[in-house]
Amino acid sequence: MFEVWAPEASSVEVEIGGERHAMRPGAGGWWSAEVPGAGHGTDYRFRLDGGEPLPDPRTRWQPEGVFGPSRVYDHGRFTWSDQAWTGRSLPGSVVYELHIGTFTPEGTFDAAVGRLDHLVGLGVDFVEVMPVPPVPGGRNWGYDGVDLWAVTDNYGGPDGFKRFVDACHGRGLGVILDVVYNHLGPSGNFLAPFGPYFHSSASSFWGQAVNLDGPGSDEVRRYFIGNALQWLRDYHVDGLRLDAVHALHDDRAVHFLEELAAEVDALSAALGRPLTLIAESDLNDPRLMTPREAGGYGLAAAWNDDVHHALHTAVTGERHGYYADFADASTGALAKVLTSGYYHDGTYSSFRRRCHGRPARHVPGHRFVVCAQNHDQIGNRAEGDRMDPEALRLAAGLLLTSPFTPMLFMGEEWGTRTPFLFFTDHVEPQLREGEADRRRREFVGFGYDDWAEKAPDPGDELTFLRSKLDWSELEQDAHRAHLDWYRALIALRRAHPDLSDPRLDRVRVEHSGSWLVVHRGAFRVAANLGRAPVTLPVRPAGIVLASDPGVGLDGDDLTLPARSLAILRV
């Protein structure tokens, strides 16, 4: 059965092998047709009012890319081996974000499976995969995706993704998929001819906003909610990271996110395993993760950029762009986010030139997904450069003993020196030639005045190839030592509940100048972020873990060399 929503069409045909088959109109603008002999593997397109052949808006398979025909895909043909998988909850977990195309030299799901044992040895609980729908060309971060119900064949197609999820579950790893519902890519986007999928006026920097609240939006909302349920049900994914929800335009009484959360909770009950929704938002609004019965949207968690900014500023000293707000307070900004969740909780933001956010100290820390690095915070730098290993060790020590849900970005656990650059492969010359300038304009005022001189061409294949992880670095002593530090921190967090306790009101921070001491139950996390050694009176029972062999105790005093961190038991 072929079905498509085209409420404004007078006639719709499904074209298979050059032959057109008329479709019957039904209720609500839906059209349908039975075509004898068509099934799994059949290529097809739709024609509206005799126009050009177009891919299915709900295509499950686009083997020839965004401009090719759709192909029938039968989810029931795949054989799963994860019947014993009961899911994984977010509280207490550590998340690992990766991009399939650059995680391995091959850049495929199957190749990524070959590296899962490394993640198990690291000790993480969830793998968060950047978007996988089809994109223009052969390489992309994934946020230019179209055909949102399909999986790009660049990585291995729908079966490849299922093999990856199945293999993750077999090793005890949950899978979170990054999805983009606030816009579609500029190339290969054929939704508009089918119906009112896009907002009549609202847009964002990335493109026209989807229609969540205007005429015809009931079915548009079902398109995106059905998409979310497909990943969780048919691909056995354990959670979704919702890209830039602040760019969702919805003035309805029941917000799209609230409706989505209710549908996902119902599916979770039916499947008998936890399903997690995580929002990326720069609103600093705890209503996103406040339960629906308390007037919130009911999401499980949200990314918290304030923690990243405070950490980054404290360990690197950078002060450009939005980091300026956090640099002025030095360790005080870090102390505030560790005890309050948000730094901007109704306070003035110099970067925005207005007050921003609302208090969130009542929110359990596990509802904040936090990081020292992620794809944006690295890739949105002109040269895609990462923190240096010394800064990363400090940041990781504070991150992995925090009350939040920590997230790592691929390669940081061994201090990789490969960049993560912004790359695309647009087919249309005007998009390919204008991408570098669009990126430069996106970061005007951020302190990157030399962006044009430093940033490589996003469309150059070398930009993509330079972003692939270099796994051979693990053969070097310095990188192995860095990995050992991450493994030890994660193991310590897992072994001692005090270090994963999400209650913000139980976190206390002492700080002055370049040092701070975080109180975590029976533990103290002492960090010297400065360039000179410090001595602190902490009265510990002993040192549990230290980033520098020069860390020492003399009676009740702790000596911290420059740029070092120690975890103490008291």
Side-chain angles (χ1 to χ4, degrees), residues 94 118 121-124 311-317 330-331 334-335 338 371-373 386-402 406 408-409 411-417 470-496 498-500 509-570:
V94 177
H118 166 82
L122 177 60
V124 300
L311 265 176
H312 184 95
T313 303
V315 302
T316 68
S330 187
T331 52
L334 198 48
L338 288 171
C371 66
Q373 297 188 132
R386 299 168 180 255
M387 275 191 205
D388 67 70
E390 181 185 67
L392 264 180
R393 284 192 292 274
L394 289 170
L398 293 163
L399 180 76
L400 290 164
T401 57
S402 76
L408 313 179
F409 185 66
E412 80 165 77
E413 72 274 20
W414 73 77
T416 184
R417 304 316 300 151
D470 179 5
W471 288 85
S472 71
E473 290 177 327
L474 284 168
E475 299 170 8
Q476 302 171 26
D477 290 344
H479 289 292
R480 285 200 302 270
H482 192 93
L483 177 60
D484 288 343
W485 174 243
Y486 269 74
R487 285 174 171 164
L489 285 168
I490 293 173
L492 193 66
R493 179 183 181 87
R494 190 182 302 279
H496 298 286
D498 282 345
L499 297 178
S500 59
V509 182
E510 301 173 80
H511 66 97
S512 178
S514 66
W515 63 265
L516 74 162
V517 178
V518 185
H519 294 242
R520 298 287 282 143
F523 294 86
R524 302 291 180 267
V525 182
N528 176 16
L529 309 178
R531 298 292 178 180
V534 297
T535 299
L536 306 175
V538 292
R539 297 183 294 279
I543 299 173
V544 179
L545 197 61
S547 66
D548 188 301
V551 172
L553 290 173
D554 183 7
D556 290 340
D557 293 336
L558 170 72
T559 299
L560 285 173
R563 311 283 287 165
S564 67
L565 178 143
I567 301 172
L568 318 164
R569 191 187 292 275
V570 295

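None of the values given here were measured: they were computed from a predicted structure.
Taking all atoms of both residues into account, the shortest heavy-atom contact from Gly542 to Leu553 is CA-CD1, 4.1 Å. Scanning both residues, Cys371 and Leu311, for their nearest heavy atoms gives O-CD1, 4.1 Å. Listed here is the closest heavy atom pair of Leu558 and Ala526: CD2-CB, 3.7 Å. Nearest heavy atoms, Ala372 versus Met387: O-CE, 3.4 Å. In this structure, Ser402 and Leu338 approach most closely via the heavy-atom pair CB-CD2, 4.2 Å. Looking at every heavy atom in both residues, Ile490 comes nearest to Leu122 through CD1-O, 3.5 Å.
Counting heavy atoms from C-beta outward, Leu399 and Leu489 have side chains that stay 4.5 Å or more apart. Taking the side chain as every heavy atom from C-beta outward, Leu565 and Val315 never approach each other to under 4.5 Å. Trp485 places none of its side-chain heavy atoms less than 4.5 Å from the side chain of Leu392. Annotation: side chain of Phe523 is not in contact with side chain of Thr401 (no heavy-atom distance under 4.5 Å). Under the 4.5 Å side-chain criterion, counting only non-hydrogen atoms from C-beta, Glu412 is in contact with Tyr486.
Between the CH2 atom in Trp515 and the CG atom in Leu560 there is a gap of 10.0 Å [rounded to 0.5 Å]. Separating the CZ atom in Arg487 from the CG atom in Leu400 is a distance of 14.0 Å, to the nearest 0.5 Å. If you take CZ on Arg417 and CD on Glu473, they are separated by 8.0 Å, rounding to the nearest 0.5 Å.
For the salt bridge (charged side-chain N to carboxylate O under 4.0 Å, His left out) condition, no pair includes a residue of residues 514-526, sequence neighbours left out. The list of ring pair (Phe, Tyr, Trp, His ring centres under 6.0 Å) pairs with a residue in residues 524-552, not counting sequence neighbours, is empty. Residues in residues 535-559 take part in no side-chain hydrogen bond (donor to acceptor under 3.5 Å, both in side chains) pair, two or more places apart or across chains.
Every residue two or more places apart in sequence or in another chain that forms a side-chain contact (heavy atoms from CB on, under 4.5 Å) with Ser500 is listed here: Arg493. Every residue meeting the salt bridge (charged side-chain N to carboxylate O under 4.0 Å, His left out) condition with Glu390, not counting sequence neighbours, appears here in chain and number order: Arg531, Arg563. Annotation: side-chain hydrogen bond (donor to acceptor under 3.5 Å, both in side chains) contacts of Asp470 (sequence neighbours excluded): Ser472. Under the side-chain hydrogen bond (donor to acceptor under 3.5 Å, both in side chains) criterion, Arg494 pairs with Asp125, sequence neighbours left out. Partners of His496 under the side-chain hydrogen bond (donor to acceptor under 3.5 Å, both in side chains) rule, at least two apart in sequence or in another chain, do not exist in this structure. Every residue meeting the side-chain hydrogen bond (donor to acceptor under 3.5 Å, both in side chains) condition with Glu413, not counting sequence neighbours, appears here in chain and number order: Tyr96, His118. Among residues two or more places apart in sequence or in another chain, the ring pair (Phe, Tyr, Trp, His ring centres under 6.0 Å) test is passed with His312 by His308, Tyr323. Residues satisfying the side-chain contact (heavy atoms from CB on, under 4.5 Å) test with Ala314, not counting sequence neighbours, are Leu334, Leu529. Partners of Ala488 under the side-chain contact (heavy atoms from CB on, under 4.5 Å) rule, at least two apart in sequence or in another chain, are Leu545.
Judged purely by atom type and a 3.5 angstrom limit, Asn528 has no side-chain atom pairing as donor or acceptor with the backbone of Ser564.
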